Amino acid sequence: MNHIISPLDLSVEELDKLLDLANDIERNPEKYAHACEGKRLASLFYEPSTRTRLSFEAAMMNLGGKVLGFSDGGSSSATKGESVSDTIRVVSCYADIAAIRHPKEGAALVASMASQIPVINAGDGGHQHPTQTLTDLLTIRSLKGRLDNLTIGLCGDLKFGRTVHSLIDALARYENVNFILISPEELRVPGYIRDGVLQKTNVSYREVVRLEDALAELDLLYMTRVQKERFFNEEDYIRMKDFYILDEAKMKLASPDMLVLHPLPRVNEIAVEVDKDPRAAYFKQAQYGVYVRMALILTLLEIA
Ligand code: NCD
């Protein structure tokens with residue numbers, strides 16, 4: 001059974017093929033409009049989501065398939081004490097593929113072990129978010145033309161931001177990628193990313209606190225929201241939440257072709273005035289998320 005629990009579940013070659021397919025879907029959507037007729041996606045969301053859930057659902061609908069599921073764990077039998085394993089075992093009887101988002105790290109992996117159908121991790125706590133990474137890679141490759149030879153600034157909550165962990169995992173495999181990790185001391189990347197990925201792969205990286213100290217060097221700035229729901233106390237969140245605000249003045253320090261990405265939702269970390277800057281790519285990124293999820297569904301169902 002094929003599952004996507006971590007971005008490393010796809011080799012670099014498989015990833016290239018998937019991104020090529022997503023680009024083909026973007027150019028020729030009608031070619032794929034019936035590819036999943038008779039297939040069902042279960043969308044099992046135990047945590048809030050706008051883009052990930054709706055883009056998965058739109059992806060399956062664009063392929064001619066159907067969708068069932070829940071958008072709030074509170075309306076599922078989880079509230080009665082059902083385990084994720086039991087839930088997925090049952091959902092396997094109702095659907096052909098499942099996307100699951102859960103507040104607990106490892107939940108998607110646990111689900112995949114009990115599942116009869118492919119399971120996609122749509123975010124497990126503060127751990128990983130591989131389909132956001134696929135979206136990010138498609139955006140970068142489509143707009144920059146490459147995934148190697150890049151200096152990437154990752155800014156904000158690098159501790160709890162699962163999109164950052166998955167993106168580092170995936171990009172560390174490409175040639176001549178440099179990371180500049182921009183965060184307050186308290187929100188630096190966790191040990192399993194620093195030791196397990198950055199040091200292990202020998203990728204070049206440096207940690208800085210001030211965004212201004214990195215901006216001029218970047219090909220790409222990946223902004224993130226401070227992950228309020230993962231903080232243990234509100235005071236720490238309030239102290240951290242406006243640590244970075246990217247505005248027009250700071251954009252002047254960046255190169256004219258630096259891209260700004262953000263997985264969204266944005267809170268305060270990018271001023272709305274930046275939206276009209278041609279380098280702001282975060283809304284395009286959300287659109288790419290549909291194409292890449294279509295490509296992923298087709299690949300996991302072995303239709304393409
Ligand atoms: C991200 C997530 O859920 O981790 N959102 C998304 O899927 N696009 C980022 C976030 O919530 O900050």
Side-chain angles (χ1 to χ4, degrees), residues 4 7 10 15-36 41 43 45 48-65 67 71 97 99 101 120-123 129-147 150 152 154 156 161-164 166-167 170-171 219-225 246 251 257-267 269-300 303-304:
I4 297 293
L10 292 168
L15 197 65
D16 262 349
K17 233 176 105 188
L18 185 96
L19 301 184
D20 288 344
L21 178 59
N23 284 139
D24 194 53
I25 291 169
E26 177 188 6
R27 285 188 298 267
N28 308 296
E30 66 295 336
K31 202 166 116 189
Y32 299 90
H34 304 285
C36 281
L41 166 81
S43 89
F45 278 69
S49 173
T50 300
R51 268 149 300 275
T52 305
R53 184 172 69 83
L54 296 183
S55 67
F56 261 117
E57 299 190 3
M60 192 47 145
M61 290 175 191
N62 292 347
L63 294 166
V67 177
S71 56
I97 186 164
R101 167 171 289 191
I120 302 169
N121 181 7
H129 191 347
T131 66
Q132 181 62 46
T133 295
L134 298 178
T135 303
D136 302 339
L137 297 180
L138 180 65
T139 309
I140 300 168
R141 205 186 73 163
S142 301
L143 301 181
K144 278 263 169 221
R146 62 183 197 277
L147 292 172
L150 290 169
I152 299 152
L154 296 152
R162 55 193 173 194
T163 63
V164 168
S166 291
L167 188 58
L171 280 173
D219 297 307
L220 210 115
L221 173 61
Y222 194 91
M223 293 296 293
T224 63
R225 155 184 88 89
L246 181 67
M251 286 298 284
D257 49 31
M258 181 192 78
L259 283 186
V260 183
L261 300 189
H262 190 310
L264 304 178
R266 150 180 62 187
V267 187
E269 57 281 353
I270 302 181
V272 173
E273 65 192 22
V274 176
D275 296 0
K276 59 181 187 307
D277 189 305
R279 295 169 289 182
Y282 29 92
F283 289 113
K284 274 188 215 151
Q285 192 180 351
Q287 174 67 59
Y288 281 120
V290 179
Y291 306 134
V292 95
R293 290 185 172 95
M294 289 170 74
L296 184 64
I297 292 170
L298 290 172
T299 304
L300 293 178
I303 292 171

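Please read these numbers as outputs of a predicted model, since none were measured by experiment.
Here the straight-line distance linking atom NE2 of H262 with atom CD1 of I270 works out to 5.0 Å at 0.5 Å rounding. With values rounded to the nearest 0.5 angstrom, L296 atom CG is found 10.0 Å from L21 atom CG. Note that OG1 of T139 and CG of L220 are 9.5 Å apart. Values are rounded to the nearest 0.5 Å. Note that the CG atom of D277 and the CE atom of M251 stand 4.0 Å from one another [nearest 0.5 Å].
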Can you check side chain to side chain contact (heavy atoms under 4.5 Å, CB included) on R51 and T135, steps first, answer last? CA-CA 11 Å; R51 268 149 300 275; T135 303; over 6 Å; no
Checking I140 against L261 for the side chain to side chain contact (heavy atoms under 4.5 Å, CB included) test, could you report, in this order, the C-alpha distance in whole Å, the side-chain angles of both residues, the deciding distance, and whether it holds? CA-CA 9 Å; I140 300 168; L261 300 189; 3.7 Å; yes
Worked check of side chain to side chain contact (heavy atoms under 4.5 Å, CB included) between K144 and D257: CA-CA 9 Å; K144 278 263 169 221; D257 49 31; 4.2 Å; yes
Side chain to side chain contact (heavy atoms under 4.5 Å, CB included) for T52 and H129? Distances and angles first, verdict last. CA-CA 10 Å; T52 305; H129 191 347; 3.4 Å; yes
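By the 4.5 Å heavy-atom criterion applied to side chains, L10 and I4 are counted as neighbours. Side-chain contact check for D16 versus R141: some heavy-atom pair is nearer than 4.5 Å. Taking the side chain as every heavy atom from C-beta outward, L138 and L18 never approach each other to under 4.5 Å. T224 is not listed as a side-chain neighbour of L154, based on a closest heavy-atom distance of 4.5 Å or more. Residues D136 and L171 form no side-chain contact, since every pair of their non-hydrogen atoms from C-beta on lies 4.5 Å or further apart. Within the 4.5 Å cutoff, side-chain heavy atoms of Y282 are placed close to those of V260. In this structure the side chain of D24 never reaches within 4.5 angstrom of the side chain of D20, judged on heavy atoms. Contact check for V292 versus T131: no side-chain heavy atoms found under the 4.5 Å cut-off.
Remark: of the listed residues R53, E57, R101, E57 is the sole one forming a side-chain hydrogen bond (donor to acceptor under 3.5 Å, both in side chains) with S43. Between Y32 and the choices I25, I303, I297, N62, the side chain to side chain contact (heavy atoms under 4.5 Å, CB included) rule is met once, by I25.
Proximity of a side-chain donor or acceptor of N28 to a complementary backbone N or O of E30 within less than 3.5 Å is not detected.
Pairing each heavy atom of V272 with each of R266, the nearest pair is CA-NH1, 3.8 Å. The heavy-atom pair separating P265 from R225 by the smallest distance is O-CD, 3.5 Å. Closest non-hydrogen pair, F45 versus A122, comes out as CZ-CB, 3.8 Å. The two residues P130 and P7 come nearest to each other via the heavy atoms CB-N, 3.7 Å. A pairwise comparison of heavy atoms in L137 and L147 identifies O-CD2, 3.7 Å as the closest pair. Across all their heavy atoms, A295 and A22 have their closest contact at CB-N, 3.8 Å.
The closest side-chain donor-acceptor pair between T163 and Q132, if any, does not fall under 3.5 angstrom.
A cation-pi geometry, defined here as NZ or CZ lying under 6.0 Å from the six-membered ring centre and within 45° of its normal, holds between R293 and F56.
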